[in-house]
Amino acid sequence: MERKFSCKFVCLVLLMIGIFANAAFSKDMKIGSCIYRFNDAFMLRFRTAMTIEALKNSDESVTEIEIADSQNDQVIQNKQVDDFIAEKVDALIINPVNRMESMAIIEKAKAANIPVVFINREPTREMLDSYDKAWYVGARAEESGIQSGQIMAEYFQANPDADKNHDGKIQFIMLKGENGHQDMILRSKYSVEAIHAMGFEPVELASAIANWDKLQAMNIMNGFVMSIGPENIEAVISNNDEMALGAVEALKLVDYNSGDPEQFIPIVGVDANAAALEALINGEIIGTVLNDADNQGIAAVKIAMAAASGKPVNKDTIGYDVMDGKYVWIPYRKVTRSERNY
Ligand code: GAL
Ligand code: CA
C-alpha cells in the first residue's frame with residue numbers, strides 16, 4: 001500500500017515537472033523585423049507572408065512578429081534595431097536600407113547574441129561570415145535577369161514584326177531599380193545577355209534608375225517616348241513590375257499598349273505582383289518573373305524561430321535547403337500568357 005502510494009506521488013511529481021519543463025521550452029517568442037520601406041509593392045507581399053507564417057506557428061510557441069517601416073533611411077533602421085535589441089527580441093529579420101551597411105546591424109546582433117536573418121537585400125559573404133547566427137534569404141538576381149531576357153527574346157521569335165525596323169536587333173529601353181541593389185545590377189546585365197544568347201542583338205536606346213517606383217518610371221518613360229518616339233522603341237525591359245506598369249501608363253498616353261496591335265511595345269517586368277498579372281491578362285505587358293515572396297517570407301521566419309530556440313538551421317529544421325550554412329535561395333519562375341502558369 002505504502003509503496004503504491006509513493007509511486008503515484010512520484011508519478012504526479014514527474015508529470016508536473018514535465019508540464020513545467022514543456023511550458024518553459026515553448027516560451028513566447030518575439031521576432032523584430034525592419035523593412036527598408038513599407039511603400040513597396042513587393043515588400044508588402046513579403047510582410048504579409050512573414051505575418052501569416054508567424055501566426056501559423058503560434059500554437060507551438062507563441063510567435064509574435066513586429067514589423068517596422070525603416071522609411072528608406074538607414075539611420076532610422078539602425079535605431080529600430082537598437083530598440084528591438086533593448087526589448088530583448090528573440091530574433092531579427094532585416095531588409096536593409098543599404099545592404100552595404102549591414103555590418104553595423106550584424107555587430108549589434110552579435111553583441112546581444114540575437115540571431116539575424118537578412119532578406120531581399122544581400123549583405124556580402126564576408127559580413128555574413130563574421131557572425132555564426134547571421135543568414136540570408138533571397139532569390140538569385142541573375143536568374144530573374146535571364147528569365148526576363150528569355151521572355152523578351154521568345155516574344156521576338158514568335159513575332160518577327162516586333163523587330164520594327166527589321167535590322168535583326170532589338171532596340172530597347174531599360175528601367176533600372178535602385179543604385180547598388182544586387183537585383184538592379186544583375187537583372188540589367190543578365191536580361192541583355194540572355195537576349196544575346198538567344199540570337200538577337202540587343203541595342204540599348206536609353207536607360208534610367210526609377211527606384212522600383214511606378215510614378216518615377218512613368219515620368220522617365222514619358223521623357224523617352226517624347227525624345228525617341230514610340231515607333232522607334234522595340235522593347236522595354238524593367239527590373240520590376242511597378243516600373244513596367246509605369247511604362248505602360250506612359251505608353252497609354254500616346255495610345256500605345258491600349259489594344260491596337262500596330263501600336264504595341266513589348267514590356268517585361270519582375271515580381272508577378274497582382275497588378276502586373278492583371279496587366280498581363282489585359283495584354284499590356286508580355287510577361288513577368290515570379291519573385292516568390294511567400295516562400296522567402298516563410299523561410300525567413302522559420303530560420304528566425306529555429307535559431308531563436310537554439311536549433312541548428314538546416315533542411316530538417318526549416319524545410320528549405322541551406323547553402324553553405326548561410327543562404328536560402330528561392331527559385332524564380334517565368335510568367336507569361338503562353339506558359340499559362342499563373
Ligand atoms: C526586388 C523587387 C523590387 C523591390 C526590391 C526592394 O527584389 O523585385 O520590386 O521590391 O526588391 O528591395
Ligand atoms: Ca530592330
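By convention here, the first residue in the shown sequence is residue 1. All ligand and atom numbering here is 1-based and tracks the order in the structure.
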V192-I151 co-clustered via ILVMFWY side chain contacts under 4.5 Å: yes
Close side-chain approach of I31 and M305, heavy atoms under 4.5 Å: yes
Contact partition for D241 relative to ligand 1, non-hydrogen atoms under 4.0 Å: neither
Pair Q263-S258, side-chain donor/acceptor within less than 3.5 Å: no
OD1 (D167) - the Ca ion (ligand 2) - OE2 (E234) angle, nearest 10°: 150°
Any E242 heavy atom less than 4.0 Å from ligand 1: no
D163 OD1 and K169 O subtending at the Ca ion (ligand 2) (10° steps): 90°
N or O pair under 3.5 Å between Y36 and ligand 1: no
For F42, atoms of ligand 1 separated by under 4.0 Å from a heavy atom: 2 (C), 9 (O), 10 (O)
Plane angle bin for F42 and F46 - parallel if under 30°, tilted between 30 and 60°, otherwise perpendicular: perpendicular
Ligand 1 N/O within reach of N120 N/O, cut-off under 3.5 Å: yes
Opening angle at the Ca ion (ligand 2) [OE1, Q171; OD1, N165; to 10 degrees]: 100°
Short side-chain donor-acceptor distance under 3.5 Å, N211 and Q216: yes
Numbering as shown, the atoms of ligand 1 that approach N291 to under 4.0 Å (heavy-atom distance): 2 (C), 7 (O), 8 (O)
Distance-only polar pair, side chains of Q296 and N291, donor-acceptor under 3.5 Å: yes
Geometric N/O contact N240 with ligand 1, under 3.5 angstrom: yes
Shortest protein heavy-atom distance from atom 7 (O) of ligand 1, along with the residue and atom involved: D183 OD2, 2.7 Å
Nearest-contact summary for atom 10 (O) of ligand 1 - protein heavy atom, Å: D40 OD1, 2.8 Å
Check: Q74/N78 side-chain N/O donor and acceptor closer than 3.5 Å: yes
Atom pair OG/CZ of S33 and F84 - distance to nearest 0.5 Å: 7.0 Å
Row check, F118 ring normal vs R99 NZ/CZ: under 6.0 Å, within 45°: no
Per-atom contacts, ligand 1 versus H181 - under 4.0 Å to a heavy atom: 5 (C), 6 (C), 11 (O), 12 (O)
Single-linkage hydrophobic cluster, 4.5 Å side-chain cutoff, V116 and V322 together: no
Distance filter under 4.0 Å to R121 heavy atoms, resulting ligand 1 atoms: 6 (C), 12 (O)
V270 heavy atom under 4.0 Å from ligand 1: no
Sub-4.0 Å heavy-atom approach of R187 to ligand 1: yes
Protein contact of atom 8 (O) of ligand 1 - nearest heavy atom, named by residue and atom, plus distance: D271 OD1, 2.6 Å
Side-chain heavy atoms of D260 within contact of D255, under 4.5 Å: no
